[in-house]
2 protein chains.
Amino acid sequence: VPSPSEPSVPTIADLLAAQRRLAGIARCTPVMQYDDWSGPGEVLFKCENLQLGGAFKIRGAWNAMSQLDDEQRRRGVVTHSSGNHAQAVARAGARLGIPVTVVMPDNAPAVKREATRAQGATIVEYDAASGQRESISHELAARDGLTLIPPFDHPQVIAGQGTVGLELIAQAAPFDTLLVPCGGGGLLSGCAIACRAGAGRTRVIGIEPARADDACRSFRSGTLERIERPDTIADGTRTPSLGIHTFAAIRRYVDDMGAVSEAAIVEAVRWLYRNLRIVVEPSGGLGLAALLSGVVRPGGRTVVVLSGGNVDAAMMRKLLDPAVSWPG
Amino acid sequence: VPSPSEPSVPTIADLLAAQRRLAGIARCTPVMQYDDWSGPGEVLFKCENLQLGGAFKIRGAWNAMSQLDDEQRRRGVVTHSSGNHAQAVARAGARLGIPVTVVMPDNAPAVKREATRAQGATIVEYDAASGQRESISHELAARDGLTLIPPFDHPQVIAGQGTVGLELIAQAAPFDTLLVPCGGGGLLSGCAIACRAGAGRTRVIGIEPARADDACRSFRSGTLERIERPDTIADGTRTPSLGIHTFAAIRRYVDDMGAVSEAAIVEAVRWLYRNLRIVVEPSGGLGLAALLSGVVRPGGRTVVVLSGGNVDAAMMRKLLDPAVSWPG
């Protein structure tokens, strides 16, 4: 294991090994083409919102946890997450017989908290305003000998998320542009590694909310920038910064980054509801938001990764309500 | 062409020919397994809500229209429909260069009317309370030499819808039970023909709203029964009765029929939203409503056909609202 200050970027061999471990565990999610696209080029969607648990996260969690030894499995794992990763770790733990503790902010969406609990995990809540989730999970890990399964900044988690890219290349290559939501950067890193190895000419672009554009800033400045407690509807991207491993992977393999408004994110969720009849959470719609709002110009063959679909019915009703307005 | 009083049931050869015509036109829709099913057996979903146009209807419309000769194509086609079939005929017409006229009730959901118009069809509205849509479309057909493409009671339409069953057998056989929504019976007939030929031991069960259970009654009595203007949220099943071809096919190939409450239909739509992150219209959720409400006992391997996903955002907001109550 490299020291925490030493970035470690998984290789395509790590992704291929992850794909073998995930066979029969993660779903091969469908790629849907939107046939009535009126703009230039064609647009396809990789539907990880239809993944087991409603998000890509099972891939990274399973890849990391299935490699633990007997002693580590017996002691259990701990993680911190706003929700989809927690749910995935809980699900993997239930299936692998590994006890799971989840450190979760008290403002996490109810749908995510309940799904995590339903998988048999122990939940430790903390005050979201304090933002100390990493230190809490590190303390628990040290005190109880738990293995930390971080939500993104871990080579085996990144390798697992990269299987989205491998699968997509098999399903839809060649494509010119790949748009990937970016929170902590695990999915983006993994997809970029896959595309560099398997889809040479594809431009990989990470998309963030403008209100949580720390990765855009880090990408441009070359140093890891932070935004504490960003106020965005895209709850999956409220992480303050990239990690050291994901930042290294993104600098090496990602072609560009873009940021979108809150209104564009909501419009993307509505568009996907209306035109593809699928439920996508705000974070999951970031790539389409970039296309619809012109942040990324459509053209050629573009694939948009829809990363998750865990959105409360109450929130979805609000998102679909034309009377509710959102910051431009 | 057989006389209208002479039932004609398509054969498996007709379905296979339809499948060849539909290659590259209809999507092969995903089959999703619900991994967290807590009841006995396992449950899978055939997602025709993710079909091109948001419903299975493109299959039958294309199969019938692609067989028209040059003169028929030049004159154009007419159809009557509450929406999904109209949209499909309009889409097929746009692609085949065939002018399309749609006779539509004035209470059809806006999302369906707009999608039909967007495909370039001419819409003729009529008073839903009068219920004379068939005579209006027959008059237009006679006056202008248009070919009638009926929404279900036509052997080539039934054969097209039956490709849902063929596809499903290739994707998920063997399965013990198949639950199919029943309005006019085109999808149910087609799926039953496919299963009899290709999935011998499967029990095929058609599901209707209890408020529009004309097909259940016809199935039991052996005579074609009618319910005029049924008041059900499942707008795709508001047809007053089966047709002569679909009734013959259902008597011959369907194993049983069941009926579900309005509340059960709404619960199915919510369940699919929450657990599979997909949008299913009330008619599309009939099969799951039967499972969740105990009308059909789960067990073995059950496949539920989700027939469509065209539901207005305003209606979906109402369906997801826990404060709105529905008739039990």
Side-chain angles (χ1 to χ4, degrees), chain A residues 24-36 38 45 47-55 58 84 87 91 94-95 110-111 114-115 118-119 171 269-281 284 306-324, chain B residues 24-36 38 45 47-55 58 84 87 91 94-95 110-111 114-115 118-119 171 269-281 284 306-324:
Chain A
I25 303 295
R27 290 184 189 142
C28 176
T29 54
V31 172
M32 292 176 66
Q33 178 152 9
Y34 179 59
D35 304 78
D36 298 328
S38 59
F45 297 90
C47 297
E48 285 289 298
N49 59 319
L50 305 182
Q51 183 54 266
L52 189 59
I58 186 66
N84 283 334
Q87 211 180 124
R91 181 181 291 274
R95 187 127 171 201
V111 65
E114 281 154 27
Q119 295 288 342
Q171 291 171 301
V269 172
R270 291 179 182 168
W271 192 100
L272 290 160
Y273 167 87
R274 194 170 55 238
N275 292 305
L276 292 189
R277 290 102 188 159
I278 54 177
V279 179
V280 176
E281 60 186 276
L306 305 174
S307 54
N310 290 318
V311 48
D312 277 318
M315 173 57 89
M316 191 63 171
R317 289 178 52 230
K318 205 172 150 193
L319 290 166
L320 293 178
D321 187 347
V324 176
Chain B
I25 302 296
R27 290 185 190 142
C28 175
T29 53
V31 172
M32 291 176 68
Q33 179 152 10
Y34 179 59
D35 303 77
D36 298 328
S38 58
F45 297 90
C47 297
E48 284 290 296
N49 59 319
L50 305 182
Q51 183 54 266
L52 188 61
I58 187 68
N84 282 335
Q87 212 180 122
R91 182 181 289 274
R95 186 128 172 200
V111 66
E114 280 153 29
Q119 294 288 343
Q171 290 171 302
V269 172
R270 291 179 182 167
W271 191 101
L272 290 160
Y273 167 86
R274 192 170 57 238
N275 292 305
L276 292 188
R277 291 99 186 161
I278 56 178
V279 179
V280 176
E281 60 186 277
L306 305 175
S307 54
N310 291 318
V311 48
D312 278 319
M315 173 58 88
M316 191 63 171
R317 290 180 51 229
K318 204 171 151 193
L319 290 167
L320 293 179
D321 187 347
V324 176

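Predicted, not measured: the structure shown is a model, and the values here were computed from it.
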Heavy atoms under 4.5 Å from chain B: which residues of residues 307-314 of chain A carry them?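 Only Gly309(A), Asn310(A), Val311(A), Asp312(A), Ala313(A) of residues 307-314 of chain A have a heavy atom under 4.5 Å from chain B.
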Of the listed residues ([options]), which shares the most heavy-atom pairs with chain B below a 4.5 Å separation?
options	result
Pro30(A), Gly53(A), Ala115(A)	Gly53(A)
Met32(A), Arg274(A), Glu281(A), Gln119(A)	Met32(A)
Asp321(A), Leu276(A), Leu272(A)	Asp321(A)

Using 0.5 Å steps for rounding, measure from the [atom1] atom of [X] to the [atom2] atom of [Y].
X	Y	atom1	atom2	answer
Gln51(A)	Thr29(A)	CD	OG1	6.0 Å
Ile278(A)	Leu306(A)	CD1	CG	5.0 Å
Leu52(B)	Ile58(B)	CG	CD1	5.5 Å

Does any backbone or side-chain atom of [X] lie under 4.5 Å from a heavy atom of chain A? Answer side chain, backbone, both or neither.
X	result
Gln33(B)	backbone
Leu50(B)	both
Arg270(B)	neither

Restricting to non-hydrogen atoms, name the atom on [X] and the atom on [Y] that form the minimum distance, rounded to 0.1 Å.
X	Y	answer
Val31(B)	Gln171(B)	CG2-OE1, 3.3 Å
Gly24(B)	Arg95(B)	O-NH2, 3.8 Å
Val279(B)	Met316(B)	CG1-CE, 4.5 Å

Interface moiety of Arg27(A) toward chain B, non-hydrogen atoms closer than 4.5 Å: side chain
Is the ring pair Trp271(B)/Tyr34(B) parallel, tilted or perpendicular, if the boundaries are 30 and 60 degrees? perpendicular
I'd like to check the ring-ring contact (aromatic ring centres under 6.0 Å, His included) partners of Tyr273(A); sequence neighbours left out, ordered by chain and number.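 Scan of Tyr273(A) (ring-ring contact (aromatic ring centres under 6.0 Å, His included), adjacent residues dropped) gives none.
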